[in-house]
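The block underneath contains the structure these notes are about, expressed in structure tokens.
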Amino acid sequence: MQLNDARLFRQQAYIEGRWLDADGGQTLAVNNPASREILGSVPKMGAAETRRAIEAAERALPAWRALTAKERAGKLRRWFELLLEHQDDLARLMTLEQGKPLAEARGEIAYAASFLEWFAEEAKRVYGDTIPGHQADKRILVIKQPIGVCAAITPWNFPAAMITRKAGPALAAGCTLVLKPASQTPFSALALAELAERAGIPAGVLNVVTGSAAEIGGELTGNPTVRKLSFTGSTEIGRQLMGQCAQDIKKVSLELGGNAPFVVFDDADLDAAVEGALASKYRNAGQTCVCANRLYVQDGVYEAFAAKLQAAVARLKVGNGLEEGVTIGPLIDDKALAKVEEHIADAVARGARVIAGGRPHALGGSFFEPTILAEVPADARVAREETFGPLAPLFRFKDDAEAIALANATEFGLAAYFYARDLSRVFRVAEALEYGIVGINTGLISTEVAPFGGIKASGLGREGSKYGIEDYLEIKYLCLGGI
Ligand code: ADP
């Protein structure tokens, strides 16, 4: 694996401070999507091991919850520092199992670490409230307490950051956690657990269970000890998990699919819009839930924008993420590639034109050419479904009302972007977009200091910012009488 610190490459699950195999010794192989080479394996655990991890988290809860916020913050802060100290190894591990270019992987490690730093700080600011009483002899206090044992299920597209933005606030609030990482990218999760252990996070506070999604998910949602589930992934699985959580009325935070519109108005700075589109669309090979999925361009600037985007896309370099200068790695697997092909074929059959890419890349495997489709009709599949690949479909629109209607015509409501300079237009459009996040004259919106999350079928709850820790706290009202 060639890491500076070989102990970061862990091939066992982490439960109650111990590195363990599955009960029956079964394993799951993990491959490099760029080379298809097997990197190693992780335990294929199921319900029994998950139950033990939940019990471990329950045992660890009283002592962890009883620490002062400052004490918990100190350990999170140390975990943050360790991520940065090992940024190169963690980035390399991520590129190997996920495929993203090394520069992006390094960026993700810094981003992942930032949630630990932020929530170490927020841990100390879980303020309550005093409320003027409703009777002369009463006093009213509001305190906030950790929810308890939490579960997290995370996806493969951000193998580190999706973990720390759940584990950071959970641990800061005084909760303990059982995490199930995506089976495509478990090594990043296990390396984070190794560093959590070195940071002094006690046994049982953070547990990582690898293996069968359905079995582990079934236990995490079915076990009454778990009081909350935080999930990032597809809307389809999120809906299913939310249903499973209904039995115990568990709290849920869901960060699900998106179908982000990217609207370019005729008063936009076109060069800035192209730069934003490039960052938003092609980052992580288009495999993020906030990637621009539909590009709406106003009539008057349509041709100019398309030409500039074409020129910019021609400069992208597809290849193995470990190679210098590569800006687009492989897609995660063949299924992901097939979906991009289907969306292109469907749009072309309805009259769209391919003006860049359009085919699997000559490198083979799951590499795909960065693609632009022009004159895509509004009824194409790509207008309704998330592509999760390097495909930018261009749609034409006439006026603001049409742009807003098209942008909102989806069940999703995660991120939207638009480029315009007229101030009143900026406010009108920003307020009319039915999304949890709106990027205005920027294609990059992710930061630990702001609330990330969606509305409609894109999810529940917010991650990051001062709001992020609320998802892991319960409000308790104390009514003091007889005063
Ligand atoms: P993606 O399309 O990003 O892979 P998924 O929703 O399929 O999104 O997966 C996100 C996470 O949910 C992964 O960790 C995956 O293993 C897990 N997962 C998939 N199916 C289930 C399930 N039935 N129960 C619990 N977790 C699941």
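Order of appearance sets the numbers: ligands from 1, and atoms from 1 within every ligand.
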Could you check which of A336, S234, P181 puts a non-hydrogen atom nearest to atom 5 (P) of ligand 1? S234

Ligand 1 contact on Q184 by region, counting heavy-atom pairs under 4.0 Å: neither

Based purely on interatomic distance, does Q240 place a nitrogen or oxygen under 3.5 Å from a nitrogen or oxygen of ligand 1? yes

Nearest non-hydrogen contact to atom 25 (C) of ligand 1 from the set A214, A213, G238 belongs to A213

Once you measure the plane-to-plane angle for F115 and Y111, does it fall in the parallel (<30°), tilted (30-60°) or perpendicular (>60°) bin? perpendicular

Candidate pair E463 and S253, rule side-chain hydrogen bond (donor to acceptor under 3.5 Å, both in side chains), full reasoning: CA-CA 9 Å; E463 295 191 309; S253 290; over 6 Å; no

Relative to the heavy atoms of L241, which atoms of ligand 1 are at a distance of less than 4.0 Å? 24 (N), 25 (C)

Per-atom contacts, ligand 1 versus G217 - under 4.0 Å to a heavy atom: 25 (C)

What distance separates N259 CG from R294 CZ, expressed to the nearest 0.5 Å? 4.0 Å

Within a distance under 4.0 Å of any heavy atom of T154, pick out the atoms of ligand 1 and give their elements. 11 (C), 13 (C), 14 (O)

Quick check: are there more than 12 heavy atoms from other residues, nucleotides or ligands sitting under 6.0 Å from CZ of R36? yes

Show me the side-chain donor-acceptor pairs of residues 149-163 shorter than 3.5 Å, one per line, residues at least two apart or across chains.
| from | atom 1 | to | atom 2 | distance (Å) |
| --- | --- | --- | --- | --- |
| N157 | ND2 | Q287 | O | 3.1 |

Side chains of residues 318-327: which donor-acceptor partners sit under 3.5 Å, not counting sequence neighbours?
| from | atom 1 | to | atom 2 | distance (Å) |
| --- | --- | --- | --- | --- |
| N320 | OD1 | L322 | N | 2.9 |
| T327 | OG1 | K317 | N | 2.7 |
| T327 | OG1 | K317 | O | 3.3 |

Check contact between F388 and ligand 1, using heavy atoms of the residue and a distance below 4.0 angstrom. no

Can you name the closest pair of heavy atoms from Q11 and P43 and give their distance? O-CD, 3.4 Å

Atom 12 (O) of ligand 1 has as its nearest protein heavy atom F231 CE1, 3.2 Å

Check each atom of ligand 1 against the heavy atoms of K180 and keep those under 4.0 Å away; list them by number with element. 14 (O), 16 (O)

Enumerated ligand 1 atoms positioned under 4.0 Å from heavy atoms of A182: 14 (O)

Starting from atom 4 (O) of ligand 1, what is the nearest protein heavy atom, named by residue and atom, and what distance separates them? W156 NE1, 3.0 Å

If you have a sec, work out which protein heavy atom is nearest atom 20 (N) of ligand 1 and how many Å separate them, to one decimal? I237 CD1, 3.4 Å

Can you report which non-hydrogen protein atom sits closest to atom 17 (C) of ligand 1, along with the distance? I153 CG2, 3.7 Å

Can you say whether the rings of F187 and F9 are parallel (under 30°), tilted (30 to 60°) or perpendicular (over 60°)? perpendicular

For K44, does the NZ atom have more than 12 heavy-atom neighbours from other residues, nucleotides or ligands under 6.0 Å away? no

Would atom 14 (O) of ligand 1 count as contacted, meaning some protein heavy atom under 4.0 Å? yes

T232 versus ligand 1: do any nitrogen or oxygen atoms come within less than 3.5 Å of each other? no

Are Y435 and F412 an aromatic pair, judged by ring center distance below 6.0 Å? no

